[in-house]
Engineer: 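Have a look at the structure that comes next, please.
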Amino acid sequence: MSNEEAPIQQQQVDLEKTPEPAEPKPAEPHPAPAEEPQQPAAAPSADDAQEESHTFRALVLTGHGGYDKIKLQVKTQRMAAGSGELLVRVKACGLNFAELMGRQGLYDALASPPVTMGMECSGVVEAAGEDVEDRKAGDRVIVLSSSGLWQELVVVAADQTFLMPDAMSFQEAAALPVNYLTAHMMLFEMANLRPGKSVLVHMAAGGVGIAATQLCQTVPGVTVFGTASASKHETILQGGLSHAIDYRTKDYVEEIRNISPAGLDIVLDPLGGSDTNKGFGLLKPMGTIVVFGAANCVTGQKKNLLAIAKTWYNQLSISTMKLMQANKSVCGFHLGYMKDLGLIRTTMETLLGLYTEGKIKPRIDSTYHFEEVADAMRRMHERQNIGKVLLLPEPKKEEEKVPEKEAEKEEEKPAEASASPQEEEKAKPEEAKEDQG
């Protein structure tokens, strides 16, 4: 696990063993198979009932607010794969900016608390329900859902799973779906990326930023500009970025104009507010800006009404007549509201093909056990990550818990071997600001 550089207070995690009725399943509902008439004496045996009863850990959002609103609970309930469904043992889960906003009550697609969050995970199929012909117990799968995946065991629709390539790790599999689907659909479905074009990627060191940079490299002659804090520039430049700009010390609009006076063809905007106006102004004629987030609204652990009001006040407002005269396009993208499952499936197949060919590879920033969810969220909130932050359902082992004094001694020891540029960059103290989800 990669720890934050600044000292942080460990979250007090509540473990609650709560036998309770099954929560709503994370996948879209499927009709249950018709039950055959049973003999009066053929009641389910105790053994049959036990086979469907499972005890598992889950991260539950109990209310809106700070890190303490995410509770680790131990649940015991009956779980079985119904018609068209799979029972999956989860190995790793992705953390996305949407979950940070959901915890603050800023994500409309998430159900009201109490609710289990989690849009993506990887794991192993434990059982397949009726009518499932292309999945079986033991298959390694990627799972995509609107929520409900931050738990050790999940029941999901089989058509919301994707077989993992043999060479792919569970961590890479959990890091791929949300970030790479978002980046690919924006670049190729909305912005029509073609050879020789120029692209601005905000939060270039975050999950979507790194995914977009890698995907741009699959098209010849694409120039990629990226904003990130200075300490991350070496890593993201090595990852394929053409020009890195420190948004904290420089005016990124001015820097881009100095390099590309004509402007840009594509702007990917996860920030919102005044940055959307700046991005629109940077577009060339026939250029496209795709807005896919409002990170400027999230400035701390809890909801900031002033930041929300400022972002709303400064948002882009333009008439269709002005758009016609400018010969520019404005698009919006939100994977959580994407209902075209066919497009999602074909895009995932494309992405898995690119992974197999070695053209894309998720960058894992850090992993945290469920007990450490507050630390994981804090790392992303403070924009310290370079790549994907993951959550691991399995309990943290005692040997992984290093006493503070021993940890301090380890920090004082000189490095035994020279680290890679990525490892050196990851070890640097970070300030604040970069990621999406």
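All values derive from a computational prediction rather than experimental measurement.
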Engineer: Using side-chain hydrogen bond (donor to acceptor under 3.5 Å, both in side chains) as the criterion, point out the one residue from E394, Q151, E371 that pairs with R57.
Structural biologist: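 Single pass found, and it is E371.
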Engineer: Can a donor-acceptor pair be found, under 3.5 Å and without considering hydrogens, that links the side chain of R363 to the backbone of K361?
Structural biologist: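 Here the side-chain-to-backbone pair does not exist.
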Engineer: Quick check: do E120 and N96 have side-chain heavy atoms less than 4.5 Å from each other?
Structural biologist: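 Yes; the side chains approach each other to less than 4.5 Å.
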Engineer: Test ring pair (Phe, Tyr, Trp, His ring centres under 6.0 Å) on H184 and F188; report intermediate values, then the result.
Structural biologist: CA-CA 6 Å; H184 193 282; F188 296 99; 4.6 Å; yes
Engineer: Please answer whether the main-chain N or O of G65 pairs with a side-chain N or O of Q104 as donor and acceptor at a distance below 3.5 Å.
Structural biologist: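 Side chain of Q104 to backbone of G65, a donor-acceptor pair under 3.5 Å: no, none is there.
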Engineer: Assess the side chains of Q384 and D365: does a donor N or O sit below 3.5 Å from an acceptor N or O?
Structural biologist: no
Engineer: When you measure from the side chain of D269 to the backbone of V290, do you find a donor-acceptor pair of N or O atoms at a distance under 3.5 Å?
Structural biologist: no
Engineer: I'd like a table of donor-acceptor pairs (distance under 3.5 Å, sequence neighbours excluded) in which one partner is a side-chain atom from residues 86-95, with atom names and distances.
Structural biologist:
{"from": "R89", "atom 1": "NE", "to": "E126", "atom 2": "OE2", "distance (Å)": "2.9"}
{"from": "R89", "atom 1": "NH2", "to": "E126", "atom 2": "OE2", "distance (Å)": "3.4"}

Engineer: Hey, could you give me each pair passing ring pair (Phe, Tyr, Trp, His ring centres under 6.0 Å) that has a residue in residues 337-366? Not counting sequence neighbours.
Structural biologist: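 Residue pairs with at least one partner in residues 337-366: H334-Y337.
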Engineer: Considering residues, nucleotides and ligands other than E357, do more than 12 of their heavy atoms fall under 6.0 Å from its CD?
Structural biologist: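 Above 12, so yes.
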Engineer: With sequence neighbours excluded, give me every side chain to side chain donor-acceptor pair (under 3.5 Å) pair touching residues 342-354.
Structural biologist: none
Engineer: Under 6.0 Å between the ring centres of Y247 and H202?
Structural biologist: no
Engineer: List the steps and the verdict of side chain to side chain donor-acceptor pair (under 3.5 Å) for D375 and Y67.
Structural biologist: CA-CA 9 Å; D375 296 344; Y67 304 127; over 6 Å; no
Engineer: If you count every heavy atom of other residues, nucleotides or ligands that lies below 6.0 Å from D166 atom CG, does the total exceed 12?
Structural biologist: no
Engineer: Could you tell me whether the side chain of S198 and the main chain of D265 form a donor-acceptor pair under 3.5 Å?
Structural biologist: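 Yes; at least one donor-acceptor contact below 3.5 Å.
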